[in-house]
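Structure first, commentary second.
Protein chains get the first letters and strands the later ones, always in sequence-line order, with residue 1 at the start of each. Here the structure is a predicted model, which is why all the values come from computation and not from measurement.
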Amino acid sequence: MLKRQAQLSVYIGTLKLKNPVMVASGTFGYAEEFKDYMDLKKLGAIVTKTVTLKPRQGNPVPRTCETPAGMLNSIGLENPGIDVFIDKKLPFFKKIGVPIIVSIASEASAEEFIALAERLDGIQEVSGLELNISCPNLKDAKSGRGSHALIAQDAQATQRLVKMVRKVTKKVLITKLSPNVTSITDIAEAAEDAGSDALSLINTLTALCIDVKSRRPKIATITAGLSGPAIRPVAVRMVWEVYKRVKIPLIGMGGITDTESALEFFIAGASAISVGTGNFLNPKVSTEIIGGITQYLEKNNIRSIKKLTGSLLCQR
Amino acid sequence: MHLEKATLLYNKPLGKNYFRLACNAAKIANDAVPGQFVSVKINNTHEPFLRRPFGIHKVDGCRIEILYEAVGEGTRLLSKNKQGSFLDILGPLGNGYDYRYALIRHKTPVLVAGGMGVAPLFFLAEKLVRSLGRKVRHSPRVLLGAKSKNQILCEKEFKKIGCSVTIATDNGSAGFKGKVTDLLKQTLSTLDCPLSTALYACGPRPMLAEVSRISRKHGIFTQVSLEEHMACGIGACLGCVVKTKDGYKRVCKEGPVFNSEEIVWEKHTKGGR
C-alpha cells in the first residue's frame, strides 16, 4: 500500500508555508550568498538580514569569535538601509518565489519601525515583517555607550510597539523575542495581545569572551550575542514555556544544526523553525532538514507536522 | 562555489608545526584562481565549531593542496586527519589576485610572503610562470620572510618553477637579516625602474601595511591578501569585514585579495579563537 506523504505545510498567521523550515535573520545574508549550494525554492520562507531606515556601517572589528559549540557575534546590524534594500536586494528575493519576511529594526525610535513597515506594506512580494526588537548589539540610544535596553526586555514597550506597527501593516507580523529577560512568557503575551501574528524565539544570549593573555574582550563591543548549539536547550525550554501561554504560532530557533535538533523545537511547541548559525557550518543544512523531517514523520506515522507541534510527553 | 566531500590524499608534516595537505576536490580545483581560499570543516563535531579558511596553495589536476601551521585547536586537530578520510570543504571562495595585470602590462611580478603568507603565493607563482611561457625576463621574484631559517617554506619549490628567491629572517639565520619589508625596500632600490614591477603580498596585517606604504611611495600596483577569522566564509554573516575607503568590505567575499590602496590600515586586533 502506498503511504500518504506527510504534510509539511503550516500557517504563520494568514501566510501558508509549504514547509516549516525557514532561515533566520542575519545568518542568510540576502540569500544570494547561498544560491550555489542549495535550491532556495525549497525553503519554507526566508527571513532577511535586518534592514533599518538609514544605512548602518555596523560595529568595529573583531565582530565574531568562536566559543564551545557556538559563537559570539556583534555585527551591529550592518545594512545598506531600506532604499538600497528595496532597489538592490529585493529583486533577487522576488525571483526565488518563496515567502520573504523582512526583518526590521531601529536603534532610535518607534517612528522608524512604523516608517519601515509603511514602506514595506506596499510591496506585494514581501509576505511578512519580523520586528527585531531583540538585537543585543546596539548602543544605548541616549548615552551612546553600553548595551541598549531592548524593547523585548519590557512587556509594555513591546506591546506599544507591536500595536503601532500592527496599525500600519496588513502583512503577517512576527515579533522576535529576546532570551535576556526574567520572564519571556510575559513579553510573548504582550506581543500576542498587541496583534502579533506569530513569535520568533530566541535571539542570541548576551555574552562575553575574554582573551586571558591580553585581558581584553575578544569582541570589540565587549559583549556580544551567543548563538549555536550551546544555547539550544535554553531556546527549546523557552519555546515550551511560551507555547503553554500563547495561542499564536511560534517559530523556534537557537542552535539548530540538523534534523534532530529541529524536531526538538516542534515537540516543544514550535509550528516552524529557523536555521541560523547552522547555515555557517553547512550552507545547505536547511534543505537537508526538510528531508529529515519528512522521513521522521513517515517513519513514526505522523501524517502532519502540525501533529508534532507541542507533542511533548511530560509524564515519565 | 562547491561543497565537496574530498578524499584526503596526504597530510604531511613539513618541519616542526607546518603541514602540507592534499585532497581530491575536482570541482574546486577546476574553478580555483590564485588568492582564493577554501573553508574546511575540520571534523563533524562542534569542537572546533566553525569552519577554517585556508588559502589554496597549489592546484594539480583534481587535487588541491593547502599549507598550514598547527597553531590553534582547529589546525592541531586538522593535522591529525589521516589519508583516506573525508574532508568537508567549501570553495573556491573570495576574489583572487589579478595576475593578468603583471602579464598585460609587462611588469615583473614581485611576490612578498611573510610567514604562512607564502601559502597562496605559490599557486600565484605557478600561474604566472605558466602564463608567461618563455618570457623569462619577467619571471617572478619571490621574497620570503620568516622569523628564522627553519620557518622558511617552499624555497625549493619556487626555484624549481623558475622564480628567483631571496630570503629574509628576523634573526639572520638565513639570507637577509631583518624584515621581509626591509628586503623589499632594498630590492626596489636596486631596480632602475621600480615601476616595472607589480607587487603581490600575503602575510600578517602589520607587514601588509608596511608593504602598502613602501609601494605607495613608488606608485607600484600592489595587491594584498588579508587574513581574518571568519564565521560563514561566504559573505552572509558580515563578521570578517575590513575598513576600506568605501566603508567596510567583507574579507571573505570582496577579498581576501584587495588593492592595497583601498585598505584603511589601522592597528589590527584579530578576533580570538
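- A:K88 NZ: 12 or fewer foreign heavy atoms inside a 6.0 Å radius.
- Interface summary for chain B: among A:C209, A:G29, A:P217, the most heavy-atom pairs under 4.5 angstrom belong to A:G29.
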> Are A:T67 and B:F49 close enough, and set up right, to give a side chain to side chain contact (heavy atoms under 4.5 Å, CB included), and what steps lead you there?
Replying inline: CA-CA 7 Å; A:T67 62; B:F49 184 61; over 6 Å; no
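- Closest approach of B:L90 and A:P283 over heavy atoms only: CD1-CG, 4.0 Å.
- Closest approach of A:T64 to B:A231, counting heavy atoms only: CG2-CB, 4.4 Å.
- The shortest non-hydrogen separation linking A:P60 to B:Y248 is CA-OH, 3.3 Å.
- Of the two parts of A:K49, only the side chain, counted from C-beta on, holds a non-hydrogen atom closer than 4.5 Å to a non-hydrogen atom of chain B.
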>> I'd like to know whether A:E66 forms a side chain to side chain contact (heavy atoms under 4.5 Å, CB included) with B:R52, so could you lay out the CA-CA distance, the side-chain angles of the two residues, the decisive distance to 0.1 Å, and finally the verdict.
In response: CA-CA 11 Å; A:E66 193 176 50; B:R52 293 287 188 273; 2.8 Å; yes
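- Classification of B:R250 and A:E33 as a salt-bridged pair holds, one side-chain N sitting under 4.0 Å from a carboxylate O.
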> Run the side chain to side chain contact (heavy atoms under 4.5 Å, CB included) check on A:V61 and B:V242 step by step: do they pass?
Replying inline: CA-CA 8 Å; A:V61 289; B:V242 59; over 6 Å; no
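- Here the shortest heavy-atom pairing between A:R63 and B:L238 reads NH1-O, 2.8 Å.
- If you tally non-hydrogen atom pairs under 4.5 Å between each of B:K41, B:K253, B:K243, B:E47 and chain A, the highest count goes to B:E47.
- Of the listed residues (A:A230, A:G70, A:S74), the one with the most heavy-atom contacts under 4.5 Å to chain B is A:G70.
- Proximity to chain B is limited to the backbone of A:F28, based on heavy atoms less than 4.5 angstrom apart.
- Neither the backbone nor the side chain of A:S214 comes within contact range of chain B, judged by heavy atoms closer than 4.5 Å.
- Top candidate by heavy-atom pairs under 4.5 Å with chain B, chosen from A:A69, A:P68, A:A220, is A:A69.
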>> Quick one, A:N282 with B:L3, criterion side chain to side chain contact (heavy atoms under 4.5 Å, CB included). Give me CA distance, side-chain angles, the key distance, then yes/no.
In response: CA-CA 9 Å; A:N282 173 3; B:L3 185 59; 3.7 Å; yes
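- In plain terms, the two heavy atoms of B:R51 and A:L281 that are nearest each other are NE-O, 2.8 Å.
- Atom CG of B:N44 is surrounded by 12 or fewer heavy atoms from other residues, nucleotides or ligands within 6.0 Å.
- We find the SG-CZ distance between B:C232 and A:F34 to be 6.0 Å, quoted to the nearest 0.5 Å.
- More than 12 non-hydrogen atoms from other residues, nucleotides or ligands lie less than 6.0 angstrom from CG of A:L208.
- Nearest heavy atoms, A:T27 versus B:A236: O-CB, 4.0 Å.
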